[in-house]
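Below is one structure, written out as structure tokens, with a few remarks after it.
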Amino acid sequence: MQKMKRIVQPLLRWFQRNARDLPWRHHPTPYRVWISEIMLQQTRVEAVKGYFERFLKAAPDIPSLAALPEERLLKLWEGLGYYSRARNLQKAAKVAVEKYGGRLPASYPELLTLPGIGPYTAGAIASIAFHLPVPAVDGNVLRVWMRLTADSADISDPTVKRCVEAGVQAILPEEHSGDFNQAMMELGATVCVPNAPPKCESCPLAELCAAHTAGGEQQYPVKKPKPPRRIEQRTLFLLQQGGRLALRRRPPRGLLASMWELPSENGALDQRQAVQAVRAMGLEPVRLLPLPPAKHIFTHIEWHMTGWRVLLAPPVSAPDLVWASIEELRERYPLPSAFRPYLNAFLEKTEQSGDTNAYSAQRKQ
DNA sequence: TGTCCACGTCT
DNA sequence: AAGACGTGGAC
């Protein structure tokens, strides 16, 4: 498959002229490349842009990342999703401090041992930051490669990815491995896009592309359909008292681990059941007002939510809850996006006038 | 509305 | 090997 060697020069030249100007490309130090690559796992460039610089400011180097309090760390990650990425980032930072003198190790196999760094990310850091000749095959590269070779193997199969890694390894330009890997990903993100239609008119590799010359770009890549999501009914409570809102910490494992949430119960509770549930938390409801239903879609679950706004009789004592002010909702407690519709309902009722805070700003976008 | 991106990593 | 783990935007 040395034939694929012909893509190298046109691709590198195309990348030189068409690389997007992205914040993490400015000073591609190992630390910056690492943070950006973890943020970019399963996450679009546009979503990461708003997080990268703020994160770097809060944790400018590996020791400061290792020392960040967990709540601050998760707050910096709030809204990005896959929160275990943030925890693994910090675990790896601690390993780097203890084992590698506060730096990332400059070798692919050592990078692979760090939490949160798998084959793709190890390849990306090794090639982009350390200029080592290692492939970095992500979903973009896989799609580009399968189209270039008109290969109808199922990319859900892990062995197929290993074949593509071997193929890239065989043609990788030793002196420009990082640029080559980035160029493949950039082409996949901006030209050889998923779904209809890839922009073959502006592709530097169109004439070398087996799928294109056969007129069938869109048949690739082939992959297994995903299993359907399961639907869960949840009832959320907006427990209000003196302008503050009750929050609860989620368990440290599983869905939205260690994030904060609105107190909630399984099932769609009617008013009578909701009163019982609130009493079971150690609180005395004065009035319950229904809130509109909302839906949140995770990869594998759909939450169908109903909500109750609950006015409480003081004094109030519930051991598992904290009472957060608007300021603390914004600055302190990491809250996943799933709760935003109901947090907004609280803020709309609580805000004095049209002032701006983090959530009302997000709401207006 | 629903489907896809989104192989990325961990378990 | 296959399921868990978020989010938002494009179409």
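In what follows, chains carry the letters A, B, and so on, assigned in the order in which the sequence lines appear, proteins first and then strands, with residues in each chain numbered from 1.
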**Study point:** Proximal nucleotide (of dC7(B), dA6(B), dG8(B)) relative to the Arg44(A) side chain
**Key:** dA6(B)
**Study point:** Value in whole Å for how far the P atom of dT3(B) lies from CD of Glu302(A)
**Key:** 9 Å
Check your understanding: Of the nucleotides dT3(B), dC5(B), dG8(C), which one has an atom closest to the side chain of Arg229(A)?
Key -> dT3(B)
Point to revise | Span that lies between the C1' atom of dA1(C) and that of dC7(B), in whole angstrom | key: 15 Å
**Study point:** Any N/O donor-acceptor pair, Thr43(A) side-chain to dG6(C) base, under 3.5 Å
**Key:** yes
Exercise for review: Nearest-nucleotide wise, let me know which of Lys295(A) and Gly139(A) is further upstream toward the 5' end of DNA chain B.
Suggested key: Lys295(A)
Check your understanding: Is Arg230(A) paired with Glu302(A) through a side-chain N to carboxylate O contact shorter than 4.0 Å?
Key -> no
Exercise for review: Would you kindly compare Lys226(A) and Tyr120(A) by the position of their nearest DNA chain B nucleotide and give the one closer to the 5′ end?
Suggested key: Lys226(A)
Check your understanding: At under 4.0 Å, does any side-chain N or O of His296(A) touch on OP1 or OP2 of dT7(C)?
Key -> yes
Review point. Is it the case that Gln233(A) and Trp303(A) place a side-chain donor and acceptor less than 3.5 Å from each other?
Key: no
Study note, to complete from the structure: Here the distance between atom C1' of dT9(B) and atom CD1 of Ile125(A), to the nearest Å, is 13 Å
Revision key, fill the gap. On DNA chain C, more 5' by nearest nucleotide between Pro227(A) and Gln42(A) is Pro227(A)
Review point. Is any side-chain N or O of Arg85(A) under 3.5 Å from a base N or O of dC5(C), one able to act as donor and the other as acceptor?
Key: no
Review point. Over how many whole Å does the gap from Arg143(A) atom CZ to dG8(B) atom P extend?
Key: 10 Å
Check your understanding: Any side-chain donor-acceptor pair under 3.5 Å between Asn88(A) and Arg85(A)?
Key -> no
Point to revise | Rounded distance (Å) that lies between atom P of dA2(C) and atom CD1 of Ile155(A) | key: 16 Å
Check your understanding: Side chains of Arg234(A) and Thr306(A): does their closest heavy-atom pair fall under 4.5 Å?
Key -> no
Practice item. Could you state the atom-to-atom distance from CG of Asn181(A) to P of dC7(B) in whole Å? Key: 19 Å
Practice item. May I ask you to decide whether Glu328(A) forms a salt bridge with Arg244(A), counting only side-chain N to carboxylate O separations under 4.0 Å? Key: yes
Review point. Which sits closer to the 5' end of DNA chain C, Thr299(A) or Arg162(A), going by the nucleotide each is nearest to?
Key: Arg162(A)
Review point. OP1 or OP2 of dT9(B) less than 4.0 angstrom from a side-chain nitrogen or oxygen of Asn88(A), does that happen here?
Key: no
Review point. With a 4.0 Å cut-off on heavy atoms, is Lys223(A) in touch with a base, just the backbone sugar-phosphate, or nothing at all?
Key: sugar-phosphate
**Study point:** Glu37(A) side chain to Tyr120(A) side chain, donor-acceptor N/O pair below 3.5 angstrom
**Key:** yes
Check your understanding: If you look at every strand shown and take non-hydrogen atoms under 4.0 Å, does Leu112(A) touch a base, only sugar-phosphate, or nothing?
Key -> nothing
**Study point:** Pairwise P distance, dT9(B) and dG8(C) [rounded to whole Å]
**Key:** 22 Å
Check your understanding: Rounded to the nearest Å, what distance is computed from the CD1 atom of residue Ile297(A) to the C1' atom of nucleotide dT7(C)?
Key -> 10 Å
Exercise for review: Name the nucleic acid region contacted by Pro336(A), choosing base, sugar-phosphate or nothing; use a 4.0 angstrom heavy-atom cut-off, strictly under.
Suggested key: sugar-phosphate
Check your understanding: Does dT7(C) have OP1 or OP2 sitting under 4.0 Å from an N or O in the side chain of Tyr83(A)?
Key -> yes
Exercise for review: Taking only the side-chain heavy atoms of Tyr82(A) (C-beta and beyond), determine which of dC5(B), dT9(B), dG6(C) contains the nearest atom.
Suggested key: dG6(C)
Point to revise | Phosphate OP1/OP2 of dT7(C): any Ser337(A) side-chain N/O under 4.0 Å | key: yes
Practice item. Please work out if Arg230(A) contacts a base, only the sugar-phosphate, or nothing of the nucleic acid, heavy-atom cut-off 4.0 Å. Key: sugar-phosphate
Practice item. Would you indicate, yes or no, if dA4(C) has its OP1 or OP2 atom less than 4.0 angstrom from a side-chain nitrogen or oxygen of His300(A)? Key: no
Review point. Taking atom types as modelled, is there a side-chain donor on Gln219(A) or Ser152(A) under 3.5 Å from an acceptor on the other?
Key: no
Exercise for review: Hunt down the Watson-Crick or G-U wobble partner of dG3(C), both distances under 3.5 Å, from any strand shown, or write none.
Suggested key: dC10(B)
Practice item. Could you check how far CG of Leu40(A) sits from P of dG6(C), rounded to whole Å? Key: 17 Å
Point to revise | Integer-rounded Å distance: dT11(B) P and Leu255(A) CG | key: 16 Å
